[in-house]
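The structure under discussion appears below in the form of structure tokens.
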There are 2 protein chains.
Amino acid sequence: MTAMLIIGHLARCCFRVAAKVSTNILFTSLHENVYVQPTLRLGGAERGKQVTATIKDVAREAKVSVASVSRALNGAGGVTPETEKRIREAAARLRYVPHGAARSLITKRTHTVGALMPDLHGEFFSELIRGIDLEARSHGLHLLVSSSHDGAEDAAAALRAMQGRVDGIVILSSPRVDAAFLEANLPDGLPAVLLNSEVKAGAAAVLNIDNFAGTYAMVRHLVGVGHDRIAFVSGPKDNFDARQREAGFRAAMAKLAPGTSLRIVSGDFGESSGYRAGLELLASKVRPQAVFAANDMMAVGCLQAFKEAGIDVPGEIALAGFDDIPIARYVTPPLSTVRVRIAELGKNAMDLLADLINRPGSSAASVHTLGCDIVVRESCGGHRGGTSATTTKKIHRPSNR
Amino acid sequence: MTAMLIIGHLARCCFRVAAKVSTNILFTSLHENVYVQPTLRLGGAERGKQVTATIKDVAREAKVSVASVSRALNGAGGVTPETEKRIREAAARLRYVPHGAARSLITKRTHTVGALMPDLHGEFFSELIRGIDLEARSHGLHLLVSSSHDGAEDAAAALRAMQGRVDGIVILSSPRVDAAFLEANLPDGLPAVLLNSEVKAGAAAVLNIDNFAGTYAMVRHLVGVGHDRIAFVSGPKDNFDARQREAGFRAAMAKLAPGTSLRIVSGDFGESSGYRAGLELLASKVRPQAVFAANDMMAVGCLQAFKEAGIDVPGEIALAGFDDIPIARYVTPPLSTVRVRIAELGKNAMDLLADLINRPGSSAASVHTLGCDIVVRESCGGHRGGTSATTTKKIHRPSNR
DNA sequence: GACGGGCATGAAAGCGTTTTCTGGAAAGGC
DNA sequence: GCCTTTCCAGAAAACGCTTTCATGCCCGTC
């Protein structure tokens, strides 16, 4: 097992100003700590303390009315090309940027969408935000993030605070942020997309990962390469994904390995619960041929337990996970798993939301599902010996029957 | 090496509505696809299509003027307890939430901060956002994220769009978003905190990771456990962190292993560049005793190269990385590395920014540095055989000399 | 040559707040 | 008992924008 020591806190007073005392000095304090008064940049319209130009300044500069400026800059027509040019130049000269708040006050559009999510570490969060942000930008929308809340009150407060600051919202469900919570706290009339949520939450669209199909396909693969006695390590009971994955497993086993008695040990998605599950499975009188963990972290825990017990993976026991976290590729042996295309999930959620915003009621109260891939690496056995390190092949696409 | 195959796209039409065709059906379409007209919830003040109560509605409901409502709800005093109670009740009854845009129009405060970052995957991004968001919330601020842009124009557009929507901004530098870029695009007067940036960018505060001290300390450790010929795998030349790390390495070697000729091979922070560097180092006539990669991904690449060549790590060659990405713990042998406390970086950035916002000019144009820990695992040799899996000890704290 | 129809432009209303200013009532001091 | 002070509450201005409406002006048409 890994033992680890941390040498350090170098620089315990880890937060210090330029002129620090250690030898490891990087920045000397060439920079004096004085406030540089921002220079005014208004062209003809100096206004004392005003630091940012308004539409009035532009109007004055271009010698037109504010109405014309608005029309010209918004391309609403009704301005001669010459006037428009004059206005655009004036605006550029003044570095005019319309005041968002003022604009949305009258427009009722903020061009911002909210993202509400539980306190989340790691890849999942970042990929999701990435997908959402990317797509939001392509829709001309900004992204107001409120992550990192655990409690329901926390989330409720965040939701309330978003009131009126966003045109719509993407919500990633968690045990605390469930259907009931949403029913109570989601302002109706606000377009919303629910991720990984139980259905039936008001007029919101719902987008889920196809946990069921993912587990099903992995079981199919495991059975296909000759494993019959497949044990499952389940996730926390209050987690929606976990429940769906378990349901998928049960359904798949019933169909693909009928007659086998089900072996399910419970975990909590944490590495150590996987470790414990691994030990428990090894101790059972009839050892499973394969272990399928409801997420990768637990699979990694299992793997650790197997390694310590000197059990060869996949020789003596096969192993599979779910999520395809980056770590999955780097453990030994590399872990077979079900890949969730998280960024795509975010993108699709954003698309759905944009739709909801632009055409109220269009896809409301609909339920969508995002499929998964299964990624076969070495841990699950039956591996058709590939050679190159990073080849990624999609070898077939199961008929959805 | 790892070969990997992807079986799947289950459900290639991966984005489909409830009533899907596959057997893996999860949601049946109990939910009809109709738009539920949001119910009005205004108390005494039905107003046709109005769906959200304004301060006027509250005033009418409580039979006072809007001014009093504002005063009462903002705790500005000047209202009798009874009136205040009446107003609060009316507001609650109407589910009144002040309109953010209107408020910030007059207040000039948006209670929102922006985060501008390059297109970033993985732990670093999520942890950073997490740190920022958490601290922002504790300051009563919201977080407007704009990540995922690569080009300078992209970032400039994002910056412009944030104009007036935020009270301040945290900017994570990247090769494209450098000092020159900021000079040109950062509106002055807008409080800003620069992360991992060259200094001297207007009136913004700068917060950096102490790359220099981190590398220095790791070299000290490597030398301490008996390695003399330490090779360095550098990062991309246009990356600030990479340059600092290399500088730290050079300085440390000059001081701690004087006379040793420096061996530095260049990489680009990518895994495969680390792999190539590993091969190159193995091929050299005098093989280094230790390899220190400027980040973990390259160290992992090196490790792969060493493994394939049948070189034992740390037996024949020691290895260290930088960042402490999650993967570092899971490779075999576990990777020694320099830990960057990313969430803390975000938190500190946010604190700095809040300070800048609340007391203009307070800590402007200052430079701060966040220290790192070094994490000793098995890959760097000289490992004092620990036993328990997850012990984390801070065994000493180097005198900063 | 008078008239109507576009069409470019300006004036002004209004979005939902906060805040200043003003009014009036109650309270207190002589 | 009158005047000053204090205190609560309302009227109204202001924030920066969009949009409607009104106003001319120019042009074509009869």
Side-chain angles (χ1 to χ4, degrees), chain A residues 42 45 47-88 90-91 94-111 161 163-165 167, chain B residues 42 45 47-88 90-91 94-112 161 163-167:
Chain A
L42 290 180
R47 275 287 206 82
K49 63 198 170 63
Q50 186 179 2
V51 70
T52 165
T54 84
I55 198 173
K56 275 188 192 165
D57 299 316
V58 179
R60 197 175 320 131
E61 178 85 3
K63 308 207 193 310
V64 292
S65 73
V66 293
S68 297
V69 176
S70 175
R71 278 189 287 253
L73 263 31
N74 292 327
V79 245
T80 12
E82 305 88 70
T83 351
E84 174 162 348
K85 179 160 176 287
R86 192 151 38 94
I87 291 174
R88 297 214 109 93
L94 263 42
R95 290 232 219 305
Y96 169 67
V97 177
H99 191 292
R103 180 178 249 164
S104 50
L105 180 56
I106 185 109
T107 325
K108 307 276 184 223
R109 285 288 293 268
T110 62
H111 292 284
Q163 262 291 35
R165 314 179 132 270
D167 293 338
Chain B
L42 290 179
R47 274 290 206 81
K49 62 198 170 60
Q50 186 178 0
V51 71
T52 165
T54 83
I55 198 174
K56 276 187 191 164
D57 299 316
V58 179
R60 198 176 318 129
E61 177 84 4
K63 307 208 192 310
V64 293
S65 73
V66 294
S68 297
V69 176
S70 176
R71 278 188 288 252
L73 263 31
N74 291 329
V79 258
T80 25
E82 305 89 70
T83 352
E84 174 161 347
K85 178 156 176 289
R86 193 150 38 95
I87 292 174
R88 296 213 110 92
L94 264 43
R95 289 232 217 307
Y96 169 68
V97 178
H99 190 292
R103 181 178 250 167
S104 50
L105 180 56
I106 186 105
T107 322
K108 307 273 183 226
R109 286 288 295 267
T110 62
H111 292 284
T112 303
Q163 263 290 36
R165 314 179 133 271
V166 299
D167 292 338

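From a predicted model like this one, the values you see are computed outputs, not experimental measurements. Order of the sequence lines fixes the chain letters, A, B, ..., with proteins taken first and strands second; residue numbering starts at 1 for each chain.
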Item checked: Shortest non-hydrogen contact from B:E61 toward B:A90 -> CG-CB, 3.5 Å

Pull out every protein N or O sitting under 3.5 Å from an N or O of nucleotides 6-11 of chain C, one pair per line with the distance.
| from | atom 1 | to | atom 2 | distance (Å) |
| --- | --- | --- | --- | --- |
| C:dA8 | O3' | A:T80 | OG1 | 3.2 |
| C:dT9 | OP1 | A:T80 | OG1 | 3.0 |
| C:dT9 | OP1 | A:T83 | OG1 | 3.0 |
| C:dT9 | OP2 | A:T80 | N | 3.0 |
| C:dT9 | OP2 | A:T80 | OG1 | 2.9 |
| C:dT9 | OP2 | A:T83 | OG1 | 2.9 |
| C:dG10 | OP2 | A:S65 | N | 2.8 |
| C:dG10 | OP2 | A:S65 | OG | 3.3 |
| C:dG10 | OP2 | A:S68 | OG | 3.1 |
| C:dG10 | N7 | A:R71 | NH2 | 2.9 |
| C:dG10 | O6 | A:R71 | NH1 | 3.2 |

Notebook entry, point to check: Roughly how many Å is it from CD in A:Q163 to P in C:dG16, rounded to a whole number?
Noted result: 14 Å

Next item on the list: For A:K56 and D:dC17, give me the distance from atom NZ to atom P, rounded to whole Å.
Entry: 10 Å

Margin query: When you measure from the side-chain N and O atoms of B:T54 to the phosphate of C:dG16, is any distance below 4.0 Å, counting only OP1 and OP2?
Written below: no

Check: Can you tell me how far C1' of C:dA12 sits from CD1 of A:I55, to the nearest Å?
Finding: 14 Å

Note to self: Run A:E82 and A:R86 through salt bridge (Lys or Arg N to Asp or Glu O under 4.0 Å) and show every step you take.
What the structure shows: CA-CA 6 Å; A:E82 305 88 70; A:R86 192 151 38 94; over 6 Å; no

Check: In whole angstroms, how far is the C1' atom of C:dT17 from the CZ atom of A:R165?
Finding: 13 Å

Check: Residues two or more places apart in sequence or in another chain: which of them pass side-chain contact (heavy atoms from CB on, under 4.5 Å) with A:L105?
Finding: B:H99, B:A102, B:L105

Note to self: Mind checking if A:V58 touches a base, just sugar-phosphate, or nothing, with heavy atoms under 4.0 Å?
What the structure shows: nothing

Next item on the list: Can you tell me the distance, in whole Å, between the NE2 atom of A:H99 and the C1' atom of D:dT18?
Entry: 15 Å

Checklist line | Angle by which the axis turns from one end of the helix from C:dG1-D:dC30 to C:dC30-D:dG1 to the other, five pairs per end, to 10 degrees | finding: 60°

Margin query: With a 4.5 Å cut-off on side-chain heavy atoms, are A:Q163 and B:R95 touching?
Written below: no

Checklist line | Listed partners of A:A91 passing side-chain contact (heavy atoms from CB on, under 4.5 Å), at least two apart | finding: A:V58, A:L73, A:Y96

Next item on the list: Would you kindly give the CD-to-P distance between B:E82 and D:dC8, to the nearest whole Å?
Entry: 10 Å

Notebook entry, point to check: With sequence neighbours excluded, what pairs up with B:S104 under the side-chain hydrogen bond (donor to acceptor under 3.5 Å, both in side chains) test?
Noted result: none

Checklist line | Which residues share a side-chain hydrogen bond (donor to acceptor under 3.5 Å, both in side chains) with B:R103, sequence neighbours left out | finding: B:N74

Next item on the list: May I ask you to decide if B:D167's main-chain N or O and B:T110's side chain share a donor-acceptor pair within less than 3.5 Å?
Entry: yes

Check: Looking at B:S70, does any N or O in its side chain come under 4.0 Å of the phosphate oxygens OP1/OP2 on C:dT18?
Finding: yes

Check: Sub-3.5 Å donor-acceptor pair from the side chain of A:T54 to the main-chain atoms of A:K56, do we have one?
Finding: yes

Next item on the list: State which residues pass salt bridge (charged side-chain N to carboxylate O under 4.0 Å, His left out) with A:K85; sequence neighbours excluded, sorted by chain then number.
Entry: A:E89

Note to self: Among residues at least two apart in sequence or on other chains, which ones pass side-chain hydrogen bond (donor to acceptor under 3.5 Å, both in side chains) with A:T80?
What the structure shows: A:T83

Next item on the list: Pull out every residue in residues 100-111 of chain A that has a heavy atom closer than 4.0 Å to any atom of DNA chain C, ordered by number, or say none.
Entry: A:L105, A:I106, A:K108

